[in-house]
Amino acid sequence: MNKNITSQLMNWHQHENLREMPWKEEKDPYKIWLSEVILQQTRVEQGTAYYERFIQNFPTIKDLANSKDEVVFKLWEGLGYYNRCKNLLATARFITNELDGVFPSEYEQIINLKGIGPYTGAAIASFAFNKPFAVLDGNVFRVLSRLFGIDTPIDSTIGKQQFSKLAQDVLDKENPALFNQAIMDFGATVCKPMSPHCRTCPLQSACSGFEMGIVNKLPVKEKVLKKKNRWFYYFILQYQDTFLVEKRTGKDIWENLHEFYLLESTEQLIWNDSSIHDWLQEQLGIENAIVLGISPLQKQQLTHQLIKGQFIKVEIKSMHTQLQKHQWLPMNEVVKLAFPKYINQYLSV
DNA sequence: AACGCGGGGTT
DNA sequence: AACCCAGCGTT
């Protein structure tokens, strides 16, 4: 039964899979690792250009390890989930400096690396080293839940265990790299989230979900993410030809990216020249500011929060000690730093 | 076990 | 607006 599904997926892969990606059939663990990290929670179409740019700038893991943080973050800019970039660098440096530049080939060692979990570990172990570890990503959850008609929530602990075991059971142990590629491509192009191609699906007769008429109800998720609204008011402070720029450090969105002077509020604030002068005077001790502009309302929708606010451009005529403690950079230095899209969409206007 | 983390495409 | 995307780390 399961053997049948395995061979049918392999058969589909061999004869009908037309999906192409730059890293397909790649065997260099560095390139596989890089592509997999870029693709975590990221569509292939979105990640491909980033992959090409990373390979171009860092042909080997040593090139990546020896690069400065800011250069790498600038290349990652706009891709999101920036801890991936931080962990990518940490792992590149660890392998280069501590492992003599040799990527580990054992699954247990691979998943101990920062930024590599069960999915990415199985992907590297199978694609680079052809070891029999089944990948379990969003595609595999969906394909298996439908093929076997399983309504266990995929985001529950028991669900993860159940599907992990099933994926390993279905895996073609003789051809793990090919099979893992097959089941993910099948999920992405045939067994799609919306309007899957059930009518022409080669596995239709083997699909319990189809037989029960519940394909469009699978997979089941139990968690609902809660959203919140935040107001970000950025003061772009200019002194002569320099700008106040800070790096975000807290456990919050956009950690390790840069920003201007931030005033965050839980509610909307209404600004005019007078209220801006008052606020600058009270909060920063700035007496002689010139308000150069107040932007229209800006919005950025994230998965879990909605950021709204404005950008207020201010020129200050004299520097004082409190302000001097911040970092002031000319624009040609500012543009080398990585910023969140919320700020970049203002800067590029 | 629950939560937080980006940005973009599709429906 | 809701959902999803070659998930992972922290608490």
Side-chain angles (χ1 to χ4, degrees), chain A residues 19 21-24 26 32-51 73 76-88 90-91 110-124 126-127 133-143 153-161 163-164 167 177 179-189 191-196 216-228 230 248 250-257 299-307 338-345:
Chain A
R19 207 179 187 207
M21 290 163 288
W23 49 86
K24 218 162 190 177
E26 177 63 60
I32 293 171
W33 164 61
L34 176 63
S35 71
E36 295 300 343
V37 173
I38 286 176
L39 292 175
Q40 286 166 5
Q41 289 293 282
T42 304
R43 293 169 183 274
V44 169
E45 305 79 51
Q46 186 187 2
T48 300
Y50 283 84
Y51 172 80
F73 271 93
W76 196 275
E77 183 181 53
L79 193 56
Y81 286 161
Y82 297 93
N83 264 331
R84 290 184 293 172
C85 185
K86 178 186 174 186
N87 288 330
L88 189 79
T91 293
I110 294 172
I111 57 166
N112 275 333
L113 300 168
K114 286 182 182 174
I116 299 183
Y119 164 76
T120 306
I124 296 171
S126 62
F127 292 142
F133 291 88
V135 293
L136 186 52
D137 74 334
N139 291 304
V140 180
F141 274 118
R142 187 172 56 255
V143 170
I154 62 172
D155 53 356
S156 65
T157 302
I158 187 72
K160 285 172 194 166
Q161 289 172 355
F163 282 100
S164 175
F179 179 85
N180 279 338
Q181 191 64 59
I183 193 169
M184 288 195 287
D185 286 345
F186 181 79
T189 61
C191 199
K192 301 185 294 180
M194 310 285 176
S195 46
N216 61 354
K217 297 193 179 307
L218 298 174
V220 172
K221 288 190 180 178
E222 63 181 3
K223 294 181 175 53
V224 286
L225 80 165
K226 32 187 175 181
K227 300 187 172 180
K228 55 178 175 178
R230 303 170 75 177
R248 288 178 66 83
K251 295 275 176 221
D252 194 5
I253 56 171
W254 305 330
E255 187 181 356
N256 293 304
L257 269 58
K299 291 184 191 176
Q300 172 71 30
Q301 179 69 63
L302 308 184
T303 297
H304 44 288
Q305 43 191 297
L306 176 60
I307 312 295
F339 289 87
K341 186 192 172 182
Y342 179 74
I343 293 178
N344 272 331
Q345 70 187 7

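Chain letters run A, B, ... following the sequence lines, proteins first and then strands; every chain starts at 1.
With rounding to whole Å, A/Lys227 atom NZ is found 15 Å from B/dG6 atom P. The distance between atom CD of A/Gln46 and atom C1' of B/dG6, rounded to the nearest whole Å, is 8 Å. Remark: P of B/dG4 and CD of A/Gln305 are 9 Å apart, rounded to the nearest angstrom. When the C1' atom of B/dA2 is taken as reference, atom CD of A/Glu222 falls 10 Å away, rounded to whole Å. Between the P atom of B/dC5 and the CH2 atom of A/Trp76 lies a distance of 17 Å, rounded to the nearest Å. Between A/Arg230 atom CZ and B/dC5 atom P the separation is 7 Å, expressed in whole Å. Look at CG on A/Leu225: it is 11 Å from C1' on B/dC5, rounded to the nearest Å. Distance, A/Glu77 CD to B/dG6 P: 13 Å, rounded to whole Å.
Positionally, the nearest nucleotide of DNA chain C for A/Pro219 lies more toward the 5' end than for the other of A/Gly117 and A/Pro219. Along DNA chain B, the nucleotide nearest A/Gly78 and the nucleotide nearest A/Val224 are compared for position; the residue whose nucleotide lies closer to the 5' end is A/Val224. The 5' end of DNA chain B is approached more closely, in terms of each residue's nearest nucleotide, by A/Lys160 than by the other of A/Asn83 and A/Lys160. Toward the 5′ end of DNA chain C lies the nearest nucleotide of A/Leu39, the other residue of the pair A/Leu39 and A/Lys114 mapping further downstream.
Nucleic acid contact class of A/Asp185 (heavy atoms, under 4.0 Å, all strands): base. Among the protein residues, A/Asn87 comes within range of the sugar-phosphate backbone only, with heavy atoms under 4.0 Å from sugar or phosphate atoms but none that close to a base. Nucleic acid contact class of A/Ser35 (heavy atoms, under 4.0 Å, all strands): none. Counting any heavy atom pair closer than 4.0 Å across all strands shown, A/Arg142 reaches sugar-phosphate atoms only and no base atom.
Between A/Pro219 and A/Arg142, the closest heavy-atom pair is CD-CG, 3.7 Å. In this structure, A/Phe133 and A/Ser126 approach most closely via the heavy-atom pair O-CB, 3.9 Å. Between A/Pro153 and A/Glu222, the shortest heavy-atom contact is CG-OE1, 3.8 Å. The shortest non-hydrogen separation linking A/Ile253 to A/His304 is CG2-NE2, 3.9 Å.
Of the candidates B/dA1, B/dC5, B/dG6, the closest approach to any side-chain atom of A/Asp252 belongs to B/dC5.
One distance of note links OG1 of A/Thr42 with CD of A/Glu36; it measures 11.5 Å at 0.5 Å rounding.
Within the structure, every side-chain polar atom (N or O) of A/Gln301 is placed at least 4.0 Å from both OP1 and OP2 of B/dG8. A/His304 has no side-chain polar atom (N or O) that falls below the 4.0 Å cut-off from OP1 or OP2 of B/dG4. The phosphate of B/dG6 (OP1 or OP2) has no side-chain N or O of A/Lys341 nearer than 4.0 angstrom. Between B/dG7 and A/Trp254, a contact under 4.0 Å exists linking OP1 or OP2 to a side-chain N or O. Residue A/Lys251 places no side-chain N or O under 4.0 Å from the OP1 or OP2 atom of B/dC5. One finds a side-chain N or O of A/Tyr82 lying less than 4.0 angstrom from the OP1 or OP2 phosphate oxygen of B/dG7.
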**Prompt:** Can you check side-chain contact (heavy atoms from CB on, under 4.5 Å) on A/Trp33 and A/Leu113, steps first, answer last?
**Reply:** CA-CA 11 Å; A/Trp33 164 61; A/Leu113 300 168; over 6 Å; no
**Request:** Show your reasoning for whether side-chain contact (heavy atoms from CB on, under 4.5 Å) applies to A/Asp137 and A/Leu39.
**Result:** CA-CA 11 Å; A/Asp137 74 334; A/Leu39 292 175; over 6 Å; no
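When DNA chain C is scanned in the 5' to 3' direction for atoms under 4.0 Å from non-hydrogen atoms of chain A, the outermost contacting nucleotides are C/dC4 to C/dG9.
Comparing the same atom, C1', in B/dG6 and in C/dC3 gives a spacing of 15 Å after rounding to whole Å. B/dC3 and C/dA6 have their C1' atoms separated by 22 Å, given to the nearest Å. Comparing the C1' positions of B/dG8 and C/dG9 gives a spacing of 23 Å, expressed to the nearest Å.
In the interface, the side chain of A/Thr303 is not paired with the base of B/dG4 through any donor and acceptor atom under 3.5 Å apart. In the interface, the side chain of A/Thr42 is not paired with the base of B/dG7 through any donor and acceptor atom under 3.5 Å apart.
Classification of the A/Trp254-A/Tyr342 ring pair by plane angle, with boundaries at 30° and 60°, yields parallel.
Listed by chain and residue number, A/Asp185 satisfy the side chain to side chain donor-acceptor pair (under 3.5 Å) test with A/Arg19 (two or more places apart in sequence, or in another chain).
With a 4.5 Å cut-off on side-chain heavy atoms, A/Trp23 and A/Ile32 do not count as touching. A/Gln41 has its side chain within reach of A/Tyr81: a pair of non-hydrogen atoms, C-beta onward, lies under 4.5 Å apart.
Counting non-hydrogen atoms of neighbouring residues, nucleotides and ligands closer than 6.0 angstrom, the NZ atom of A/Lys223 exceeds 12 such neighbours.
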Interface polar pairs with nucleotides 9-11 of chain B, N/O, under 3.5 angstrom:
none

